[in-house]
Engineer: 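One structure, as C-alpha cells, below. Some questions next.
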Amino acid sequence: MKNGRLRKRASAVALNVFIAALAILWLVPVFWLVLSSFRAEQGAYTPYLWPKGFTVDNYIRLFTNRKLFDFPRWFGNTLLVAGCSCAITTILTLMVAYVYSRLRFPSRRFLMNASLVLGMFPGFMSIIAIYHFMKAVNLDQTLLALILVYSGGAALNYYIAKGYFDTIPKSLDEAAILDGASNSTIFWKIILPNSKPVIATTAINAFINPIVDYIFVSVIMKDNYNNFTVSKGLYTMVDKTNIYEYYTVFCAGAVIVAIPVVLLFIRMQKYYVAGVVGGSVKG
Amino acid sequence: MRRKNRPSALFSAAAKGSIWTRLSFLVMGAGCVRYKQYARGLIYVLTEIGFFYFFGSFALPYLSKLNTLGTEAQKKVWNEELQIFQRFPGDNSMLILLYSVPSLAVVIVFVYIWYSNIRDSWNAQQCTEQGRRVDGFRDDLKSLTHERFHVTLLAMPMLTLVLFTLLPIIFMILIAFTNFDADHQPPGNLFTWVGMTNVTDIFLGNEIKTHTFFGLLGWTIVWAILATFTNYILGMLLAVAINNKMVKLKQVWRTCFIIAIAIPQFVSLLLISRALEPAGAVNVLLQKLGLISQPLPFLLDPTLARIVVVVVNMWIGIPYTMMTFSGVLMNIPAELYESAEIDGAGPIKKFTSITLPYMIFVTAPATITTFVTNFNNFNVIYLLTAGGPFSLDYYQAGKTDLLVTWLYKLTVNRNDYSLASTIGIFIFVLVSTCSLFVYNRIGAVRKEDQFQ
C-alpha cells in the first residue's frame with residue numbers, strides 16, 4: 001500500500017519535472033531574445049553565451065538614433081495600420097458571421113462553399129495582383145494600400161465568430177421576433193451585446209496580424225522606407241551590412257513589439273479553441 | 001410582394017409584357033416608373049446611364065485590346081530638332097489585363113441589374129393587373145432590415161471579397177496563360193497570350209523547371225505530412241500530460257508555451273536561424289559542452305536543413321495543438337467517463353476508448369486546415385532558411401523551398417509572373433481537391449446545419 005503511494009508520488013514528480021523542462025526548453029529563444037536586447041557588446045555572434053556586460057543603451061538607441069532606422073515612425077505606422085484594419089476587419093467579419101449563422105436565403109450554401117474554395121488559393125497570389133492594381137492607381141507603397149490588403153480577406157475568416165453565434169440560443173431571436181423586432185434589431189440589440197468574447201477575439205486577431213506580418217508588407221512597400229511597419233523595418237536592421245552594429249538594437253525592438261502581442265495573445269487564447277474546433281464540439 | 005427570381009420572367013415579360021415592360025429592355029426603369037415605383041425606376045435609369053458612360057469612356061479601350069494584350073510597345077525616338085529622345089506611349093499589356101478584369105465584372109453585374117429591372121417591371125405589372133398593391137420604395141428599404149437583411153450585411157464584405165480576393169485571383173489565373181516574365185515587362189516589352197505553354201513547361205517541356213517543380217513538390221508534400229503529424233501527435237500528448245490530475249500549476253505551464261508562440265514569428269525565427277549558423281549560439285554551446293569539435297552546418301547541408309525546419313516547426317506548432325487539445329479535453333462530457341468507470345474501465349482503457357476517439361473526431365476538420373496551412377507555410381521556411389541551401393540544379397530555388405516560397409521568389413526576385421501563377425493554380429487545384437475530398441469523407445461539414 002505504502003509502496004504504491006510512493007510510486008505514484010514519484011511518477012507525479014517525474015511528470016511535473018518533465019513538463020517544467022519542456023516549458024523551459026520552449027522559453028529558451030524568448031529568454032535569449034531578452035538577454036541579447038540588454039547585451040552591451042555588439043554583434044550577432046559571440047563566442048560565449050552569457051553577455052559580458054548589460055545595458056539599456058539598445059533601447060535608447062532604438063528610439064533616439066532615428067537617422068538610419070526610424071523605429072518610432074514605423075511603430076506609429078504599425079499602430080495606424082493595425083488599428084484601421086482591426087476596425088474594418090472586425091465589423092466585416094461579424095456581419096458575415098451573423099448572416100451565415102442566423103439568416104437563411106437561397107445563395108447561402110453557395111456563398112459559404114465559394115468562400116471555402118477561395119480561401120484555398122495561396123493568399124500571396126492575390127497580393128501580387130493587388131500590388132499591380134495599386135500601382136496602376138498610384139496607391140502602391142502607401143499605408144492605405146496596406147490597410148486594404150490586411151482587411152481584404154475579412155469575409156473569408158468568419159469561422160470563429162460564426163461558431164460562437166451558433167451557440168447563442170435561437171429562442172432569443174424567436175422571442176424578439178414575437179415582440180415585433182426585425183433581423184436588424186436582433187443583430188444589433190441581441191446578438192452583438194451577447195458576443196463580447198468573440199468580438200474581442202476577432203479584434204485582437206485582426207490587430208495582431210498586421211504587426212507580425214512580414215510578407216505582405218514587403219511586397220506592398222518594396223523600399224518605401226518611411227512607410228515600413230515594425231516587422232519590415234526591424235528586418236532591415238539585420239541585413240548583411242547592418243547586422244553587426246544593430247543586432248542588439250533589433251532585439252530591443254523585437255522585445256518592444258513582442259510585449260503587447262504576447263499580452264493580447266494570452267488574453268485571446270481561451271477563445272482560440274472554440275475557433276479551431278468550431279461547431280463540432282457540440283456534436 | 002415576394003420577388004420571384006427565375007430567368008423565365010425574361011421570356012414572359014417579352015411575350016406578355018405591356019409596352020412599358022417591353023420598353024424596359026431598352027430604357028431601364030421605364031416599367032418601374034409606369035407602375036409608380038419612381039425611386040426604383042430612377043435608380044435603374046441612372047445605373048444605365050452610368051454604365052454606358054463607364055463602358056464607353058473607360059472599359060472599351062481596354063476590352064477591345066484584350067484579345068492581343070496590345071500590339072504597340074512604348075517607343076523612344078530620337079528627335080533631331082530638340083536633340084532628345086521622345087517617348088511615344090504605346091499599349092500596356094499589364095494595364096489592359098488589369099482593367100479588363102474589373103470591367104468584365106462590371107459588365108456581368110450590369111447584365112444582372114438589367115435582368116432585375118425587367119423582372120421588377122413584370123412583377124409590378126402583374127400586381128397592378130391583379131389589383132394588388134405594388135411595393136413602394138419605403139417597403140424596399142424596410143425589407144432590407146428584415147427579410148433581406150442579409151443583402152444589407154453582405155454588401156460591404158462581398159464587395160471587399162470581390163475586389164481583394166476574387167478579381168485578383170482571376171487576374172493571376174489569366175496571367176498563367178501569358179508570357180509575362182522578366183523579358184516581357186510592359187510598357188517597354190509587351191506580353192501576350194501563350195496558351196498552355198507555362199503548364200507544359202512545368203510538366204514536360206523545360207527540363208530544369210520540371211526538375212525543380214517535381215523536386216519541390218515532393219519535399220512540400222513530405223514537409224506538410226511531417227509538420228502536421230509531428231505537431232498533432234506530440235501536441236496531443238503534451239495536452240494530455242498537462243491535463244493529468246497530478247500536474248500542478250497547469251495554467252502556468254500552458255502560458256509558458258503560449259508565450260513562446262506569441263513572440264512574432266519574424267523575430268523568433270530570425271533569432272533561431274542566426275543561432276543555428278556556424279558561429280551561432282547553438283554551435284557555440286555544443287562546442288563548449290565538448291559534444292562537437294567543428295561547427296555543424298545546420299542550415300547549409302540539405303538533409304540537415306530539412307530536419308532543422310521540421311524540428312523548429314515543432315517548436316512553433318506544438319503549443320498551438322496543445323492549446324486546441326487542452327480545450328477539447330475540458331469539453332469531453334463527464335458522463336462518458338462516469339459510465340465507463342461503472343463498466344470497470346481503467347485509466348488506459350478510458351484514454352483509448354473515450355479520450356482519444358473524441359479528440360480525433362473533434363479535431364479532424366481542423367487537421368485538414370492545418371495540413372493546408374503547412375503546405376503553404378511560408379513563414380517557417382522563408383524566415384528560417386529562406387529556402388536555402390541554394391541549389392544549382394533547381395531553377396531559382398533551394399533545397400528547403402516549398403512551392404509557395406518558390407512562387408514568392410519567382411515573383412519578387414525574378415518577375416517571372418506567368419510561371420509563378422501557374423504554380424499557384426497548381427497548388428490550389430491540389431490543395432482544394434484533397435481537402436474537399438477529405439471534408440466530404442468526414443461529413444462533419446455537411447452536417448453543419450443540423451448541429452445548431
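Each chain gets a letter, A, B and so on, in the order the sequences are listed, and its residues count up from 1.
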Engineer: Return the option, out of B:Ala420, B:Pro319, B:Ser268, B:Ser421, with the maximum number of heavy-atom pairs under 4.5 Å with chain A.
Structural biologist: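 Among the listed options, the one with the most contacts to chain A is B:Pro319.
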Engineer: For the interface with chain A, which of B:Trp253, B:Phe375, B:Phe171 has the highest count of heavy-atom pairs at distances below 4.5 Å?
Structural biologist: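 The answer is B:Trp253.
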Engineer: Taking all non-hydrogen atoms of both residues into account, name the closest pair between B:Ile169 and A:Ser126 and its distance.
Structural biologist: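 Heavy-atom minimum between the residues: CG1-CB, 4.4 Å.
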Engineer: At a heavy-atom distance under 4.5 Å, which candidate from A:Ser231, A:Ala254, A:Ala136 has the highest pair count against chain B?
Structural biologist: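 The residue among A:Ser231, A:Ala254, A:Ala136 with the greatest pair count is A:Ser231.
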Engineer: Against chain B, label A:Leu111 side chain, backbone, both or neither, depending on which of its atoms sit under 4.5 Å from a heavy atom there.
Structural biologist: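 A:Leu111 touches chain B through side-chain heavy atoms alone.
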Engineer: Given heavy-atom pairs under 4.5 angstrom as the criterion, report whether the side chain, backbone, both or neither of A:Ala114 touches chain B.
Structural biologist: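 Neither part.
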Engineer: Chain A heavy atoms under 4.5 Å from B:Leu285: which part of the residue, side chain, backbone, both or neither?
Structural biologist: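 For B:Leu285, backbone and side chain are both near chain A.
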Engineer: If you draw a 6.0 Å radius around NZ in B:Lys250, do more than 12 non-hydrogen atoms from other residues or ligands fall strictly inside?
Structural biologist: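 Yes.
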Engineer: Is there any salt bridge (Lys or Arg N to Asp or Glu O under 4.0 Å) pair reaching into residues 267-286 of chain B, and which pairs are they, with sequence neighbours excluded?
Structural biologist: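 Checked against salt bridge (Lys or Arg N to Asp or Glu O under 4.0 Å) - neighbours excluded - the pairs reaching residues 267-286 of chain B are B:Arg274-B:Glu277.
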Engineer: Using non-hydrogen atoms only, which part of A:Ser218 is less than 4.5 Å away from chain B: side chain, backbone, both, or neither?
Structural biologist: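 For A:Ser218, side-chain heavy atoms alone lie under 4.5 Å from chain B.
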Engineer: Give, as side chain, backbone, both or neither, the part of B:Val284 having an atom under 4.5 angstrom from any heavy atom of chain A.
Structural biologist: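 It is the side chain, since no backbone atom gets that close.
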Engineer: Who among A:Ala155, A:Cys251, A:Ser182 has the most heavy-atom pairs with chain B under 4.5 Å?
Structural biologist: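 Greatest number of close heavy-atom pairs with chain B: A:Ser182.
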Engineer: Measure distances from A:Tyr247 to the heavy atoms of chain B and classify the residue's part below 4.5 Å as side chain, backbone, both or neither.
Structural biologist: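 The side chain, not the backbone.
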Engineer: Let me confirm one number: the CG-OG distance from A:Leu116 to B:Ser435, rounded to the nearest 0.5 Å.
Structural biologist: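 Result: 7.0 Å between the selected atoms.
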Engineer: Where does A:Leu94 contact chain B at under 4.5 Å (heavy atoms): side chain, backbone, both or neither?
Structural biologist: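 Neither; nothing under 4.5 Å.
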Engineer: Mind listing the closest non-hydrogen atom pair of B:Phe266 and A:Val212 along with its distance?
Structural biologist: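 That closest heavy-atom pairing would be CD2-O, 3.6 Å.
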Engineer: Give the member of B:Leu144, B:Thr411, B:Val404, B:Ile423 that has the highest number of heavy-atom pairs under 4.5 Å with chain A.
Structural biologist: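 It is B:Thr411.
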Engineer: Quick one: CG on B:Leu166 to OG on A:Ser115, what's the gap to the nearest 0.5 Å?
Structural biologist: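 It comes to 10.5 Å.
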Engineer: Looking at A:Val261, A:Val262, A:Leu264, which has the largest count of heavy-atom pairs under 4.5 Å with chain B?
Structural biologist: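 Among A:Val261, A:Val262, A:Leu264, the one with the most close pairs to chain B is A:Val262.
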Engineer: What part of B:Met314 lies closer than 4.5 angstrom to a heavy atom of chain A: side chain, backbone, both or neither?
Structural biologist: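 Contact with chain A involves the backbone of B:Met314 alone.
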Engineer: Would you mind checking which part of B:Lys248 comes under 4.5 Å of any heavy atom in chain A, side chain (CB onward), backbone (N, CA, C, O), both or neither?
Structural biologist: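 When you check distances to chain A, atoms from both the backbone and side chain of B:Lys248 fall under 4.5 Å.
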Engineer: For chain B, which candidate among A:Tyr214, A:Phe18, A:Phe121 shows the most heavy-atom pairs at distances under 4.5 Å?
Structural biologist: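 Max contact count across the listed options: A:Phe121.
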Engineer: With rounding to the nearest 0.5 angstrom, report the CZ to CG distance, B:Arg148 to A:Leu103.
Structural biologist: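 Output value for this atom pair is 13.0 Å.
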Engineer: Would you check if A:Met95 and B:Leu154 make a side-chain contact, meaning some heavy-atom pair closer than 4.5 Å?
Structural biologist: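 They are not in contact (no side-chain heavy atoms under 4.5 Å apart), so the answer is no.
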Engineer: For the interface with chain A, which of B:His150, B:Lys245, B:Met158, B:Met172 has the highest count of heavy-atom pairs at distances below 4.5 Å?
Structural biologist: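 Heavy-atom pairs under 4.5 Å are most numerous for B:His150.
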Engineer: Does any backbone or side-chain atom of B:Thr152 lie under 4.5 Å from a heavy atom of chain A? Answer side chain, backbone, both or neither.
Structural biologist: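 Contact with chain A is absent: no heavy atom of B:Thr152 under 4.5 Å.
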Engineer: Relative to chain B, which segment of A:Val219 carries a heavy atom at a distance below 4.5 Å: side chain, backbone, both, or neither?
Structural biologist: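 Only the side chain of A:Val219 comes within 4.5 Å of chain B.
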Engineer: If I measure from the heavy atoms of chain B, does A:Ile243 come under 4.5 Å with its side chain, its backbone, both, or neither?
Structural biologist: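 Only the side chain of A:Ile243 comes within 4.5 Å of chain B.
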Engineer: For B:Met246, is there any backbone N or O sitting under 3.5 Å from a side-chain donor or acceptor partner on A:Asn16?
Structural biologist: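 Pair found, side chain donor or acceptor close to backbone of B:Met246.
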Engineer: Chain A heavy atoms under 4.5 Å from B:Phe378: which part of the residue, side chain, backbone, both or neither?
Structural biologist: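 The side chain, not the backbone.
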Engineer: In Å, rounded to the nearest 0.5 Å, how long is the span from OG1 of B:Thr433 to CE of A:Met120?
Structural biologist: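 Interatomic distance, B:Thr433 OG1 to A:Met120 CE, rounded to 0.5 Å: 9.0 Å.
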Engineer: Quick one: are B:Phe257 and A:Leu27 in side-chain contact, heavy atoms under 4.5 Å?
Structural biologist: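 SC-SC contact between B:Phe257 and A:Leu27 ruled out.
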Engineer: Are the side chain of B:His146 and the backbone of A:Asn183 linked by a donor-acceptor contact shorter than 3.5 Å?
Structural biologist: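 Confirmed, B:His146 side chain pairs with A:Asn183 backbone.
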Engineer: Under a 4.5 Å cutoff for heavy-atom pairs, which residue among B:Ile261, B:Leu249, B:Ile259 has the most contacts with chain A?
Structural biologist: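 Ranked by heavy-atom pairs under 4.5 Å with chain A, first place is B:Ile259.
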Engineer: What is the distance from atom NZ of A:Lys135 to atom CG of B:Leu98, rounded to the nearest 0.5 Å?
Structural biologist: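 Reported value, rounded in 0.5 Å steps: 11.0 Å.
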Engineer: Side chains of A:Tyr235 and B:Val267, heavy atoms from C-beta outward: is any pair under 4.5 Å?
Structural biologist: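 Answer no - side chains too far apart.
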Engineer: Heavy-atom distance under 4.5 Å to chain B: side chain of A:Ile127, backbone, both or neither?
Structural biologist: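 For A:Ile127, no heavy atom lies under 4.5 Å from chain B.
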Engineer: Please state whether the side chain, the backbone, both or neither of B:Asn244 comes within less than 4.5 Å of a heavy atom of chain A.
Structural biologist: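 Answer is side chain: those atoms of B:Asn244 sit under 4.5 Å from chain A.
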Engineer: How many angstroms lie between OG in A:Ser184 and CG in B:Leu153, if you round to the nearest 0.5 Å?
Structural biologist: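 Here the interatomic distance stands at 7.5 Å.
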Engineer: Please state whether the side chain, the backbone, both or neither of B:Leu383 comes within less than 4.5 Å of a heavy atom of chain A.
Structural biologist: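 Backbone plus side chain of B:Leu383, per the 4.5 Å heavy-atom cut-off to chain A.
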Engineer: Could you look at B:Ile242 and say if it's the side chain, the backbone, both or neither that has a heavy atom under 4.5 Å from chain A?
Structural biologist: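 Both parts, heavy atoms under 4.5 Å.
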Engineer: If you count heavy-atom pairs under 4.5 Å between each of A:Thr185, A:Val28, A:Ile259, A:Val238 and chain B, which one has the most?
Structural biologist: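 Most heavy-atom pairs under 4.5 Å with chain B: A:Val238.
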Engineer: Can you check whether B:Tyr99 reaches A:Phe133 side chain to side chain, under 4.5 Å on heavy atoms?
Structural biologist: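 Yes; the side chains approach each other to less than 4.5 Å.
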Engineer: Are B:Asn379 and A:Ile215 close enough that some pair of their side-chain heavy atoms sits under 4.5 Å apart?
Structural biologist: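 Heavy-atom side-chain distance check passes, below 4.5 Å.
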Engineer: Just give me the residue among B:Leu270, B:Thr165, B:Leu159 that pairs up with chain A most often, heavy atom to heavy atom, under 4.5 Å.
Structural biologist: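 Highest number of heavy-atom pairs under 4.5 Å: B:Leu270.
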Engineer: Answer yes or no: is there a side-chain heavy-atom contact under 4.5 Å between B:Pro264 and A:Phe265?
Structural biologist: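 Sidechains of A:Phe265 and B:Pro264: no contact.
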Engineer: Report yes or no: does A:Trp26 contribute a side-chain atom to a donor-acceptor pair with the main-chain N or O of B:Trp315 at less than 3.5 Å?
Structural biologist: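 Confirmed, A:Trp26 side chain pairs with B:Trp315 backbone.
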Engineer: Do the non-hydrogen side-chain atoms of A:Ile186 and B:Phe149 ever get within less than 4.5 Å of each other?
Structural biologist: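 With C-beta onward as the side chain, the pair stays apart.
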Engineer: Looking at chain B, which one of A:Ile128, A:Leu263, A:Val255 has the largest number of heavy-atom pairs inside 4.5 Å, strictly under?
Structural biologist: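 Ranked by contacts with chain B, first place is A:Ile128.
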Engineer: What is the minimum heavy-atom distance between B:Ile427 and A:Pro122, and which atoms define it?
Structural biologist: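 Heavy atoms only, the tightest pair is CG2-CG, 4.0 Å.
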Engineer: Is there a side-chain contact between A:Met125 and B:Pro168 (heavy atoms, below 4.5 Å)?
Structural biologist: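 A side-chain contact under 4.5 Å is absent here.
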Engineer: What part of A:Leu15 gets closer than 4.5 Å to chain B, counting heavy atoms only: side chain, backbone, both or neither?
Structural biologist: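 The answer is the side chain of A:Leu15.
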